[in-house]
Amino acid sequence: MSTTENTAWRPAHVTTRQITFASIIAFLAWTFAVYDFILFGTLLPEIGKDLGLNEAEQASLVTWMSAGGVVVGLLAGPVVDKFGRKTGMAFATAGAGVASALTALAAFVPAPILIAIRSLSGLGLTEQGINGAYLSELYGASDDPRIKKRQGFIYSIVQGGWPVGALLAAALTAVLLPTLGWAGCFIFAAVPSFVVAILARKLRESPQFETVAKLRQLNADGHHADALELGSILGMNDEREKPSTIADIFKGRNLRTTLALSFGHVLNYFPVLVFNILGTTVLTTVHNFAFADALTLLLMSNFVAYLGYLFHGLMGDRFGRRNIIAFGWMASGVVFTAMIFGPSDYWTVVALYSLGQFFLNGPYAAVLFFVGESYDTSIRGRGSAFVAAVGPIGAILASAAAAVLLSNGFDWTMTAFLFGSIPLVLSGFSVLFARKHQHVIDPVHVPSPTDVEDPTPR
């Protein structure tokens, strides 16, 4: 009789308390990663002033930092797949903390070193992909029917850390900048990230990763037959016996998933740059909003965006995440087009801009969870990290394209339409090429042969 049949190994059950703790930690990790990211953008004019950088030099600095962040963010995927989901979360969150702390030294280091430091923030931005991979597995292994039925909605609350982090950065900057200066603001931002990284070590590892780790251990010890039998019992025959690599997300059925989701994410970062990061510029130039009014509208839209997260998370559970993502982004493109070419009446612009943000940001509650569902366990971390990391490439391309268009006589109305609204609609269309909801294997509740009654007549 084989080792597998003797031990009947399977991962321990996941408790609701463990899921609640994991969801809270994931929310905090994402919130403080966003806090670091937004904080740098908010304080860049102050940093540039102290470093003697003009606006063009500041923009160039951000471009190189964004490119570095993409490269560094890709490092999180192998960590998540090799060392575990909770280790990956701690790694990414600590990376955001290190980026914050070292940015305080910006006045004393040359520009290339500052670029390297800020590239570490790419780990923080990839943290949302790790959340999607980890929580899709944890929720999928729950025996609580409420979690099973509303897992996408629960994740939408976690993903809502983006507007919370953005509001936190704006509020604390207003309070701390006069007393601590911009360097002190970054040191203050580093502390919560380090605390969350430490707490992440107390998380329950996902049963799916525990199973893959067990299969790897059996294969490494030469028990290949036992590994094959265990994989069969726990429904994980499709998991690889050999170590996975980043190339695996571009092979077989994964190629379609990776191309559709990555291309959609890159395209969606065009409107993220135009309507989120450069929102005040669009509002002040296209509709002649006063800067104070534009800033107020941006703050209000963060609250509307959070409602969008909850809506799309809930609707994704009901109508399928792929479909609700595509619908939201396409609808947002139409709404922002109406906002750009519509009347400059204050309340009309407020209504259309807020609705556009609702449908632009809201689908992210479903995007990262859907990405996690779309890969097998052995490459889920790599796939999720890759899709999350490549998104900012779209912002880099949009920034360069907008600069070219504006320098050749075009205004922000046409620029926002060409590099905001149109890519937004195309990003939703791209997602439709991905496969529908994928089942995340649950090795906890799959019955083993010893649990199944022998049907042979006695």
Side-chain angles (χ1 to χ4, degrees), residues 23-24 26-42 125 127-128 131 150 152-176 189 192 268-269 271-284 286-287 289-316 324-325 327-329 331-336 338-340 342 345-369 416 420 424:
S23 300
I24 292 172
F27 170 80
L28 293 175
W30 179 226
T31 296
F32 292 120
V34 172
Y35 177 27
D36 164 75
F37 178 71
I38 299 296
L39 184 65
F40 183 79
T42 302
L125 290 180
E127 207 281 325
Q128 60 179 328
N131 282 350
R150 292 287 179 261
F153 176 71
I154 298 170
Y155 181 78
S156 72
I157 300 173
V158 174
Q159 187 63 21
W162 177 277
V164 174
L167 290 173
L168 196 64
L172 290 181
T173 297
V175 173
L176 299 176
N268 197 256
Y269 256 73
V272 165
L273 175 83
V274 172
F275 297 122
N276 283 0
I277 300 173
L278 299 178
T280 52
T281 300
V282 173
L283 291 170
T284 55
V286 174
H287 290 296
F289 267 43
F291 180 78
D293 289 338
L295 193 59
T296 301
L297 178 53
L298 284 179
L299 291 173
M300 182 174 66
S301 68
N302 276 305
F303 173 73
V304 175
Y306 190 79
L307 297 180
Y309 285 123
L310 300 181
F311 172 82
H312 287 85
L314 183 63
M315 293 297 102
I324 202 67
I325 294 164
F327 169 79
W329 283 348
S332 181
V334 173
V335 171
F336 273 125
M339 188 275 292
I340 293 169
D345 171 71
Y346 178 82
W347 288 111
T348 300
V349 175
V350 167
L352 291 175
Y353 186 83
S354 299
L355 188 62
Q357 292 288 348
F358 181 92
F359 286 118
L360 167 59
N361 295 313
Y364 276 92
V367 170
L368 280 307
F369 200 81
L424 184 46

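This chain uses plain numbering: 1 for the first residue, then up along the sequence.
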Close aromatic pair by centroid cut-off 6.0 Å: H287 and Y346: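 H287 vs Y346: aromatic centres not under 6.0 Å.
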Under 6.0 Å between ring centres: does that hold for H312 and Y364?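 Aromatic pair excluded; centres sit 6.0 Å or further apart.
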How many angstroms lie between [atom1] in [X] and [atom2] in [Y], if you round to the nearest 0.5 Å?
{"X": "F369", "Y": "F153", "atom1": "CZ", "atom2": "CZ", "value": "13.5 Å"}
{"X": "L360", "Y": "L355", "atom1": "CG", "atom2": "CG", "value": "11.0 Å"}
{"X": "L172", "Y": "L167", "atom1": "CG", "atom2": "CG", "value": "10.5 Å"}
{"X": "N361", "Y": "L307", "atom1": "CG", "atom2": "CG", "value": "11.5 Å"}

Going by the angle between their ring planes, with limits at 30° and 60°, are W162 and F37 parallel, tilted or perpendicular?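 Plane angle between 30° and 60°, so tilted.
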Looking at [X] and [Y], would you say the former's side chain and the latter's main chain have a donor-acceptor pair under 3.5 Å?
{"X": "W30", "Y": "Q159", "result": "yes"}
{"X": "S332", "Y": "W329", "result": "no"}
{"X": "Y309", "Y": "G161", "result": "no"}
{"X": "E127", "Y": "V34", "result": "no"}

Minimal non-hydrogen separation, [X] against [Y], with atom names:
{"X": "N131", "Y": "A26", "result": "ND2-O, 3.2 Å"}
{"X": "G420", "Y": "P271", "result": "O-CB, 3.5 Å"}
{"X": "G313", "Y": "A365", "result": "N-CB, 4.1 Å"}
{"X": "V335", "Y": "G356", "result": "CG1-N, 3.6 Å"}
{"X": "F358", "Y": "V304", "result": "CD1-O, 3.6 Å"}
{"X": "S23", "Y": "I154", "result": "OG-CG2, 4.3 Å"}

Would you check if [X] and [Y] make a side-chain contact, meaning some heavy-atom pair closer than 4.5 Å?
{"X": "I340", "Y": "F275", "result": "yes"}
{"X": "L368", "Y": "Y155", "result": "yes"}
{"X": "F27", "Y": "V164", "result": "yes"}
{"X": "W347", "Y": "L352", "result": "no"}
{"X": "L283", "Y": "V349", "result": "yes"}
{"X": "R150", "Y": "L314", "result": "yes"}
{"X": "V282", "Y": "Y353", "result": "no"}

